[in-house]
Amino acid sequence: QISEAEVALFSVSSYACQRRTTLDNHNSNLTDALSLLAENAELNNEDGRGVAFRRAAALMKALPTQVISMSQLRGLPCLGEHSLRVIKDVLENGVSSEVESTKQSKRYKALKILTGIFGVGAKTADRWIREGIYNLEQLRHSGQTLNRAQKSGLEHYDDLNEPVTKAEADAIGEIVQKAVDSVLTGSQVALTGGFRRGKLTGHDVDFLITHPEEGKEVGLMPKVVAWLESQGFLLYQKTTRNSYLESKDGPARPASNMDRFERCFSIFKLTKGKEQETASHKIWRAVRVDLVVSPISQFAFAVLGWTGSKVILHQRRRYLLILVWSTSLHQREMLEVA
Ligand code: DCP
Ligand code: MG
């Protein structure tokens, strides 16, 4: 047993992008609680609250040892009043009462189930709940019109809500590499997203495709998709075009922080391995896959952006903004002196 006095206070940067965070999390009891509240905030379109809980969870994930008392948290950044209250509750009672009541609430359960459908976001789920739809059964009988993505999402609901393993990601990676090799030799494929951060499972598999010769990547996406389709690997696909190049009135502003690379949202039909085959009778499963094509000149930035995590990206933007701001301030001071 370690006494409180023996536990060193932690010293960590307030920016997630300036911290070293490994995969072993010593505080999963706390990060699980904070992540659930973050998710609930996001599902309710309360983005500010979502970011606050995500930052707090990311900080707790970065701590080198298990937290056993509130006094260890003194002076730590990123922990707001609300997050501290949740942490205190977990440390003292084993669970957070707010997390427990959220988990039990009819609205949270319905939001989870409905947004578990590919193509359904928080806004659509909220509208359905207000119309009395709380589960898939009620949705199927409601007569709601679903778009192509949502229909596919509903059809493959169980598969798409089953975490994707690294082995499955690698198997899909081989297929994508084969597709790319078949349509344009010399093209490169990089596994990005959570798997590039070393995660063992994910909700989808993200790939970035490029070619070492600038310009060769133009027109690559439709060819790759056509090849995959011809081989029967795709259950669903929708490609969004690069709006930056398309726009006639000069560079269009993106709607959010999204990049403007050509992107294909898809659902792969992945043949199962021998062991998995015997467990269920289906010989294949559906897996969400994102394909992105970038020119080689932007490849490094595309890798950074598509590796995430979302918290790291958010904090990196803030960090760079402060850096640029303080540099320009410094330059102005120098000019004034001169
Ligand atoms: N990304 C982004 N904006 C988007 C979509 C993605 O900035 N609209 C970036 C951040 C993500 C990365 O791309 O970390 C991959 O997106 P995912 O949603 O697949 O997230 P992860 O791969 O990190 O998590 P998971 O394991 O759940 O797939
Ligand atoms: Mg991913």
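Nothing fancy with the numbering, it's 1 onward along the sequence.
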Engineer: Just so I know, are the side chains of Asp290 and Arg263 near enough to count as touching, which here means a heavy-atom distance under 4.5 Å?
Structural biologist: yes
Engineer: For Gly186, is there any backbone N or O sitting under 3.5 Å from a side-chain donor or acceptor partner on Asp181?
Structural biologist: no
Engineer: Where the side chain of Asp159 meets the backbone of Ala286, is there a donor-acceptor pair that is under 3.5 Å apart?
Structural biologist: yes
Engineer: Please report whether the ring centroid of Phe118 lies less than 6.0 Å from that of Phe265.
Structural biologist: no
Engineer: So, the side chain of Glu214 versus the backbone of Ser297: is there a donor-acceptor pair under 3.5 Å, distance only?
Structural biologist: yes
Engineer: Does a side-chain heavy-atom distance below 4.5 Å link Val99 with Asp32?
Structural biologist: no
Engineer: Within a strict 4.5 Å, meaning less than it, do heavy atoms of the Arg148 and Lys238 side chains meet?
Structural biologist: yes
Engineer: For Glu217 and Gly215, indicate whether the former's side chain and the latter's backbone hold a donor-acceptor pair under 3.5 Å.
Structural biologist: yes
Engineer: Spell out, yes or no, whether Tyr236 and Val287 are grouped together once hydrophobic residues are joined by side-chain heavy atoms under 4.5 Å, including indirect joins.
Structural biologist: no
Engineer: I would like to know whether Leu270 and Trp284 meet side-chain contact (heavy atoms from CB on, under 4.5 Å); could you show each step before the answer?
Structural biologist: CA-CA 5 Å; Leu270 180 68; Trp284 58 268; over 6 Å; no
Engineer: Looking only at non-hydrogen atoms, find the nearest pair between Phe261 and Val293 and report the distance.
Structural biologist: CB-O, 3.5 Å
Engineer: Is it the case that the side chain of Ser13 and the backbone of Tyr15 share a donor-acceptor pair, with hydrogens and angles ignored and the cut-off at 3.5 Å?
Structural biologist: yes
Engineer: Which heavy atom in Ala62 sits nearest to a heavy atom in Arg19, and how many Å separate them?
Structural biologist: CB-NE, 3.7 Å
Engineer: Once you round to the nearest 0.5 Å, how far does OG1 of Thr271 lie from NZ of Lys282?
Structural biologist: 11.0 Å
Engineer: Could you tell me which non-hydrogen atom of Leu313 sits nearest to which non-hydrogen atom of Gly308, and how far apart they are?
Structural biologist: CG-CA, 3.9 Å
Engineer: To the nearest 0.5 Å, what is the distance between CG (Leu34) and CE (Met60)?
Structural biologist: 7.0 Å
Engineer: Could you tell me whether the side chain of Arg197 and the main chain of Thr307 form a donor-acceptor pair under 3.5 Å?
Structural biologist: yes
Engineer: Considering non-hydrogen atoms only, spot the tightest contact between Gln177 and Ser187 and give its length.
Structural biologist: NE2-O, 3.8 Å
Engineer: Are Phe53 and His82 side-chain neighbours, meaning at least one heavy-atom pair lies under 4.5 Å?
Structural biologist: yes
Engineer: Report yes if some heavy atom in the side chain of Asp206 is under 4.5 Å from a heavy atom in the side chain of Val292; otherwise report no.
Structural biologist: no
Engineer: In this structure, would Val224 and Phe299 fall into the same cluster of hydrophobic residues linked by side-chain contacts under 4.5 Å?
Structural biologist: no
Engineer: From Leu291 CG over to Thr192 OG1, what is the distance, rounded to the nearest 0.5 angstrom?
Structural biologist: 9.5 Å
Engineer: Could you tell me which non-hydrogen atom of Ser96 sits nearest to which non-hydrogen atom of Asp89, and how far apart they are?
Structural biologist: CA-OD2, 3.4 Å
Engineer: Is the side chain of Thr115 donor-acceptor paired with the backbone N or O of Ala122 at a distance under 3.5 Å, no angle test?
Structural biologist: no
Engineer: Considering only NZ, NE, NH1 and NH2 on the basic side and carboxylate oxygens on the acidic side, decide whether Arg85 and Glu98 come within less than 4.0 Å.
Structural biologist: no
Engineer: Set out, in order, the CA-CA distance, both residues' side-chain angles and the distance that settles side-chain contact (heavy atoms from CB on, under 4.5 Å) for Lys112 and Asn161, then state yes or no.
Structural biologist: CA-CA 11 Å; Lys112 273 289 270 189; Asn161 280 285; over 6 Å; no
Engineer: May I have the step-by-step check of side-chain contact (heavy atoms from CB on, under 4.5 Å) for Asn45 and Lys123, ending in yes or no?
Structural biologist: CA-CA 8 Å; Asn45 277 310; Lys123 286 202 182 98; 3.6 Å; yes
Engineer: Treat each ILVMFWY residue as a node, draw an edge where side-chain heavy atoms are under 4.5 Å apart, and state whether Ile267 and Met221 are in one component.
Structural biologist: no
Engineer: How long is the straight-line distance from OG1 of Thr210 back to CD of Gln188, given to the nearest 0.5 Å?
Structural biologist: 7.0 Å
Engineer: Indicate yes or no: at least one non-hydrogen side-chain atom of Thr124 is less than 4.5 angstrom from one of Leu114.
Structural biologist: no
Engineer: Is it the case that more than 12 heavy atoms not belonging to Leu200 sit under 6.0 Å from its CG atom?
Structural biologist: no
Engineer: Do Trp306 and Phe301 sit in one hydrophobic cluster, given that two such residues count as connected whenever their side-chain heavy atoms are within less than 4.5 Å of each other, even indirectly?
Structural biologist: no
Engineer: Have a look at Arg285 and tell me which of Glu168, His156, Glu162 forms a side-chain hydrogen bond (donor to acceptor under 3.5 Å, both in side chains) with it.
Structural biologist: Glu168
Engineer: Would Gln144 and Gln150 satisfy side-chain hydrogen bond (donor to acceptor under 3.5 Å, both in side chains), going step by step from the backbone distance to the final call?
Structural biologist: CA-CA 11 Å; Gln144 288 281 343; Gln150 293 162 345; over 6 Å; no
Engineer: Using every non-hydrogen atom in the two residues, find where Gly132 and Gln138 come nearest and quote the distance to one decimal.
Structural biologist: O-OE1, 3.6 Å
Engineer: Within a 6.0 Å radius of atom NZ on Lys88, are there more than 12 heavy atoms belonging to other residues, nucleotides or ligands?
Structural biologist: no
Engineer: With a 4.5 Å limit on heavy-atom distance, are the side chains of Phe195 and Asp170 in contact?
Structural biologist: no
Engineer: Which is it for Trp227 and Lys223 under the side-chain contact (heavy atoms from CB on, under 4.5 Å) test, yes or no, and what are the steps along the way?
Structural biologist: CA-CA 6 Å; Trp227 188 91; Lys223 285 185 198 148; over 6 Å; no
Engineer: Please confirm whether the backbone N or O of Ala16 pairs with a side-chain atom of Gln315, one donor and one acceptor, at under 3.5 Å?
Structural biologist: yes
Engineer: Is there a continuous path of hydrophobic side-chain contacts, each under 4.5 Å between heavy atoms, that joins Phe10 to Val90?
Structural biologist: yes
Engineer: Within the structure provided, determine whether Val311 and His314 are in side-chain contact (heavy-atom separation under 4.5 Å).
Structural biologist: no
Engineer: Kindly say whether Ala171 contributes a backbone atom to a donor-acceptor pair with the side chain of Glu174 at under 3.5 angstrom?
Structural biologist: no
Engineer: Could you state the interatomic distance from CD (Glu213) to CG (Leu184), rounded to the nearest 0.5 Å?
Structural biologist: 9.0 Å
Engineer: If I take atom CG from residue Asn44 and atom CG from residue Asp126, how far apart are they, to the nearest 0.5 angstrom?
Structural biologist: 7.5 Å
Engineer: Say whether, by atom type as modelled, one donor and one acceptor occur between the side chain of Ser83 and the main chain of Leu79 under 3.5 angstrom.
Structural biologist: no
